[in-house]
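In listed order, ligands and their atoms are each counted from 1. The model shown is predicted, which means the values in this text are computed figures rather than measured ones.
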Amino acid sequence: MKRKIIDMLKSASNRFISGEEIADKLSVTRTSIWKNIQTLKKLGYDIESRGKLGYKLNQVADILLPAAVQSGLNTKIIAGENRMVHKFSVDSTNKLAKKLAYEGAADGTVIVAEEQTGGKGRLERNFFSPKGKSILFSLILRPKCLPKDAPKFTLMAAVAVANAMTRFNLPAQIKWPNDLMFDGRKVVGILTEMSAQIEKVNYIIVGIGINVNIAPEDFPPDIKKIAASLAEMNGGEISRVDFFRAVLEEFDKLYIDVNAEGFEKIFMQWRKFNITLGKNIKVLSADTGESFNGVAVDIDSDGALVVDTEKGRQTLYAGDVSIRNC
Ligand code: BTN
């Protein structure tokens, strides 16, 4: 209902629409419209009410509410009707997504939060998740694939965000496997988790954290040197609602494509955005805990990184790489 009210107010583009007109179109009472408008106002929507003239939307609040994000959203699977959960605060959207997936949430359900009090990063790290400045969300996916295919969804997520950045004229650079970087600093982090049996994936959770409007001085001292935001890249703030919508649309397109045709196209797109291949790198392997140097050669058909080292060719399935300037 709230989404439909926002849709109508938006399409009236700066004119008043009467409560009666909205109520008639949505086949509900005027009181119900009034109540919903009061809730939207409390959530931060600047809606002007004027006697008989009715309501006018002055400004769309940049809150990632389903009503706002789904208005004009062009997706088939991701974040559709009843497939979006919004929280003002949560410990970790990945944690909540796992719980909801276990309880049977549908393929394509999105859990998004304004802030996380215990945002999880890769390799047991934390993810900085301040209120109202980032896009912090997790997708519940139920693809028909083998557990060994799960890491490929991580590369897919990175490509989806890169495509969204391209739509906003922002240069996207992916560091293997899935960090989006600016000037050597991380702008977007992705954490993929899975529940599976030997031959079957139950569900995959793709958690994405995007630093959108965080000013450099607002990062904690320990991550200031390694983190950046879209606003910094853009030279000004970006609408979180608009950028989130773009990411969901790009993800939806790729997800449909992968379900029909596999990952080959994703790998091609990933290679286009990557900044790792051909570089001297330092590797921290998540499999062995070992650290070694080498040259990144390619990604293989599993999305694993192929690295030439002094000891010969090695394949890295999970871990962290840093690019060495030598
Ligand atoms: C990394 O770069 O280390 C991965 C960071 C992933 C952070 C996102 S924010 C939304 C989702 N919920 C979490 O707790 N983590 C992921």
Side-chain angles (χ1 to χ4, degrees), residues 64 69 78-79 84-102 105 109-141 150-151 153-162 164-165 172-182 184-195 203-214 219-220 222-230 240 243-244 247-248 251 273-276 283-286 303 305 316 318-323:
L64 304 169
V69 175
I78 305 296
M84 193 168 165
V85 175
H86 173 268
K87 297 280 173 195
F88 280 95
S89 184
V90 74
D91 52 354
S92 151
T93 57
N94 265 35
K95 247 183 167 175
L96 179 56
K98 273 189 259 178
K99 177 173 176 283
L100 297 180
Y102 180 74
T109 300
V110 176
I111 293 88
V112 62
E114 298 299 318
E115 75 168 347
Q116 293 182 126
T117 50
K120 293 199 309 175
R122 292 173 62 234
L123 309 174
E124 308 298 322
R125 295 174 186 143
N126 298 324
F127 189 79
F128 180 56
S129 308
K131 190 174 184 169
K133 300 279 178 191
S134 309
I135 302 174
L136 309 158
F137 71 108
S138 302
L139 291 150
I140 298 173
L141 305 178
F153 287 93
T154 297
L155 303 191
M156 183 182 118
V159 172
V161 180
M165 287 171 76
Q173 300 188 321
I174 305 176
K175 179 166 76 74
W176 185 89
N178 56 15
D179 289 338
L180 282 120
M181 309 294 289
F182 172 63
R185 291 170 290 141
K186 183 163 21 181
V187 181
V188 179
I190 300 173
L191 173 67
T192 303
E193 301 183 85
M194 164 176 70
S195 154
Y203 56 80
I204 293 175
I205 307 295
V206 178
I208 306 181
I210 307 174
N211 300 335
V212 184
N213 292 325
I214 308 177
F219 284 109
D222 54 329
I223 58 169
K224 213 175 231 162
K225 279 202 193 111
I226 54 169
S229 71
L230 296 181
R240 289 187 311 142
F243 194 79
F244 190 30
V247 174
L248 296 175
F251 198 98
F273 290 117
N274 104 85
I275 51 164
T276 308
V283 173
L284 171 63
S285 164
L305 187 66
L316 188 69
D320 215 18
V321 301
S322 44
I323 294 163

Pairs of nitrogen or oxygen atoms, one from ligand 1 and one from the protein, closer than 3.5 Å: please tabulate them with distances.
{"residue": "ligand 1", "atom": "2 (O)", "partner": "Lys186", "partner atom": "NZ", "Å": "2.5"}
{"residue": "ligand 1", "atom": "3 (O)", "partner": "Arg122", "partner atom": "N", "Å": "2.6"}
{"residue": "ligand 1", "atom": "12 (N)", "partner": "Thr93", "partner atom": "OG1", "Å": "3.0"}
{"residue": "ligand 1", "atom": "12 (N)", "partner": "Gln116", "partner atom": "OE1", "Å": "2.9"}
{"residue": "ligand 1", "atom": "14 (O)", "partner": "Ser92", "partner atom": "OG", "Å": "2.7"}
{"residue": "ligand 1", "atom": "14 (O)", "partner": "Gln116", "partner atom": "OE1", "Å": "3.4"}
{"residue": "ligand 1", "atom": "14 (O)", "partner": "Lys120", "partner atom": "N", "Å": "2.7"}
{"residue": "ligand 1", "atom": "15 (N)", "partner": "Lys120", "partner atom": "O", "Å": "2.7"}

Atom NZ of residue position Lys224 - does it have more than 12 heavy atoms of other residues, nucleotides or ligands inside 6.0 Å? yes
Keeping the roles fixed (side chain from Trp176, backbone from Gly303), state whether a donor-acceptor pair exists under 3.5 Å. yes
Can you confirm whether more than 12 heavy atoms, excluding those of Tyr102, are under 6.0 Å from its OH atom? no
In this structure, are over 12 heavy atoms from other groups packed under 6.0 Å from Lys186 atom NZ? yes
Treating Ser92 as the side-chain partner and Asn94 as the backbone partner, does any N or O pair qualify as donor plus acceptor under 3.5 Å? yes
Name all pairs fulfilling the salt bridge (Lys or Arg N to Asp or Glu O under 4.0 Å) condition that reach into residues 110-119, sequence neighbours left out, sorted by first residue then second. Glu114-Arg240
